[in-house]
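Order of listing sets the numbers, starting from 1, for every ligand and every atom in it. In what follows, residues are counted from 1 in the order of the sequence shown.
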Amino acid sequence: MAYETLKLEERDAIAVVTVNRPDKFNALNTQVIAELADCFTTLRSNAAIRAVILTGAGEMAFIAGADISVLAELDPQEARENAMRGQRLTELIENLGKPVIAAVNGFALGGGCELAMACTLRIASENAKFGQPEVKLGIIPGYGGSQRLPRLVGKGRALELILTGEHIDAQEAWRIGLVNRVVKRDQLLAEAESVARKILAVAPVAVRYSIEAVNGGLETPLTEGLALEANLFGMCFTTRDMKEGTGAFLEKRPPKFTGK
Ligand code: COA
């Protein structure tokens, strides 16, 4: 599929997906959501791609939220369907089976903050701003914000952000654990790529199972999460990469992982 609202670039095993509506601060209209869903579905089954970076075009915004001109026209049933489409996209990103790094280069508001939260890791540039300003429009977060924000930063901080609709800057987002690190604007993509390359150097199946254990465990009581971890731990021992990783350590040489 040729994309009109996205740029897709491949750098070895890393795909860089850029939402490309800079004149509208990369706001998520129906076409952007559909193209992102198609793009991530394709990337999920592309074995040559082992990590993804998600960012926004231009200097102002990562994604400034759902397109308010679209929201303004929805009836209640369409609004519910719109939320479910956005939520499906967040679940696709969260469970892609490979790391997705949000490189947040400006405003990450509403659906933009929600897409960033669905990513595996978040790196922000110093000018980034985060927020869930939906209440200022008379609505609530619809793409998972009311669920993922408290899981990431705790209930009290999440409710403060959601109820005031205020923006926070990158340093505050880092302080409360919403982003993993903050870097200078001109280093953002290089830093995201450097983190991706560190993950590319380790065993791919172990990466996939680690994400699955953390995501799955957060949805279950501790005992079930521990059972999930033990099962996935056992499955690692069916891989050649487990033999290679442990063998290489014992032989004091660097491992050569194949993803098998
Ligand atoms: N939906 C649709 N258009 C949006 C948008 C959104 N979420 N966010 C920004 N835009 C558009 C603006 O309408 C404007 O387009 P125009 O030049 O054709 O009028 C352009 O992007 C630039 O935005 P503008 O408001 O002029 O820039 P600013 O620097 O004064 O403010 C923001 C930037 C991000 C603070 C402000 O645009 C904003 O609050 N956006 C909405 C954020 C939001 O509520 N998101 C959650 C939606 S559920």
Side-chain angles (χ1 to χ4, degrees), residues 3-7 17-37 54-94 102-119 122-153 157-173 176 178-179 182 185 188:
Y3 301 121
E4 289 174 2
T5 65
L6 305 180
K7 284 188 286 183
V17 179
T18 306
V19 179
N20 191 22
R21 288 183 84 205
D23 54 324
K24 294 291 177 192
F25 282 30
N26 304 317
L28 300 167
N29 63 12
T30 314
Q31 186 179 7
V32 182
I33 294 280
E35 292 191 354
L36 281 170
L54 175 65
T55 193
E59 292 308 310
M60 296 306 294
F62 171 68
I63 296 166
D67 190 317
I68 298 169
S69 66
V70 175
L71 295 183
E73 302 299 325
L74 300 179
D75 68 26
Q77 180 58 25
E78 289 166 340
R80 184 167 178 272
E81 284 161 12
N82 181 292
M84 287 166 67
R85 262 196 307 278
Q87 290 176 0
R88 277 197 297 276
L89 173 62
T90 63
E91 288 188 291
L92 174 64
I93 292 172
E94 190 162 49
V104 181
N105 55 307
F107 287 108
L109 302 177
C113 190
E114 290 167 308
L115 283 198
M117 288 192 289
C119 292
R122 284 149 294 283
I123 301 176
S125 58
E126 288 170 335
N127 64 320
K129 297 243 181 327
F130 296 79
Q132 295 290 159
E134 287 86 350
V135 286
K136 295 185 173 175
L137 302 168
I139 59 177
I140 71 167
Y143 295 175
S146 67
Q147 304 305 305
R148 289 195 181 89
L149 190 57
R151 282 167 168 77
L152 268 173
V153 306
R157 285 175 174 141
L159 277 170
E160 184 175 345
L161 279 167
I162 291 169
L163 296 181
T164 63
E166 293 295 297
H167 303 167
I168 55 171
D169 65 17
Q171 278 304 331
E172 177 66 359
I176 67 175
L178 182 52
V179 299
V182 180
R185 173 67 184 97
L188 180 64

Who's the nearest protein heavy-atom neighbour of atom 14 (C) of ligand 1, and how far? D23 O, 4.3 Å

Quick one: does E134 get an N or O within less than 3.5 Å of an N or O on ligand 1? no

Could you walk me through whether I162 and I140 pass side-chain contact (heavy atoms from CB on, under 4.5 Å), step by step? CA-CA 8 Å; I162 291 169; I140 71 167; 5.9 Å; no

Would you say A64 and ligand 1 have an N/O pair spaced under 3.5 Å apart? yes

Heavy-atom protein contact below 4.0 Å for atom 25 (O) of ligand 1: no

To the nearest 0.1 Å, how far is atom 5 (C) of ligand 1 from its closest protein heavy atom, and which atom is that? A27 CB, 4.0 Å

Of all the non-hydrogen atoms in the protein, which one sits nearest to atom 47 (C) of ligand 1, and at what distance? A66 O, 3.7 Å

Counting only heavy atoms not in E78 (residues, nucleotides, ligands), do more than 12 fall under 6.0 Å from its CD? yes

Indicate whether the side chain of T5 and that of E35 have a donor and an acceptor atom separated by less than 3.5 Å. yes

What do you think, any protein heavy atom under 4.0 angstrom from atom 37 (O) of ligand 1? no

D67 side chain to S69 side chain, donor-acceptor N/O pair below 3.5 angstrom: yes

4.0 Å heavy-atom contact, L71 with ligand 1: yes

Pair F25-V19, side-chain contact (heavy atoms from CB on, under 4.5 Å): steps then yes or no: CA-CA 9 Å; F25 282 30; V19 179; over 6 Å; no

Kindly indicate whether the side chain of E59, heavy atoms from C-beta on, has any atom under 4.5 Å from the side chain of R185. yes

Plane angle bin for H167 and F107 - parallel if under 30°, tilted between 30 and 60°, otherwise perpendicular: perpendicular

Minimum-distance pair of heavy atoms, taken over all atoms of V179 and F130: CG1-CZ, 3.3 Å

Per atom 2 (C) of ligand 1, closest listed option by heavy atom (N26, L28, D67): D67

Around atom 15 (O) of ligand 1, find the nearest protein heavy atom and jot down its residue, atom name and distance. K24 NZ, 3.5 Å

Please check if a non-hydrogen protein atom sits closer than 4.0 Å to atom 18 (O) of ligand 1. yes

Is there a donor in the side chain of Q77 and an acceptor in the side chain of E81, or the other way round, less than 3.5 Å apart? yes

Output yes when a side-chain donor or acceptor of E114 lies under 3.5 Å from a complementary backbone atom of G111, and no otherwise. yes

Does atom 34 (C) of ligand 1 have a protein non-hydrogen atom under 4.0 Å from it? yes

Atom 44 (O) of ligand 1 sits nearest the protein heavy atom P133 CG, 3.4 Å

Looking only at distances, please establish whether an N/O atom of ligand 1 is found under 3.5 Å from an N/O atom of I68. yes

Counting non-hydrogen protein atoms only, what is the nearest one to atom 22 (C) of ligand 1? Give residue, atom name and distance. F25 CE1, 3.3 Å

C113 to G131 - nearest heavy-atom pair and separation: CB-O, 3.6 Å

Salt-bridge criterion met for K136 and E166 (N-O under 4.0 Å): yes

Looking only at distance, does G110 have an N or O less than 3.5 Å from an N or O of ligand 1? no

Quick check on atom 12 (C) of ligand 1 - does any protein heavy atom sit closer than 4.0 Å to it? no

Identity and distance of the protein heavy atom lying nearest atom 39 (O) of ligand 1: L109 CD1, 4.5 Å

Answer yes if a protein heavy atom lies under 4.0 Å from atom 42 (C) of ligand 1, otherwise answer no. yes

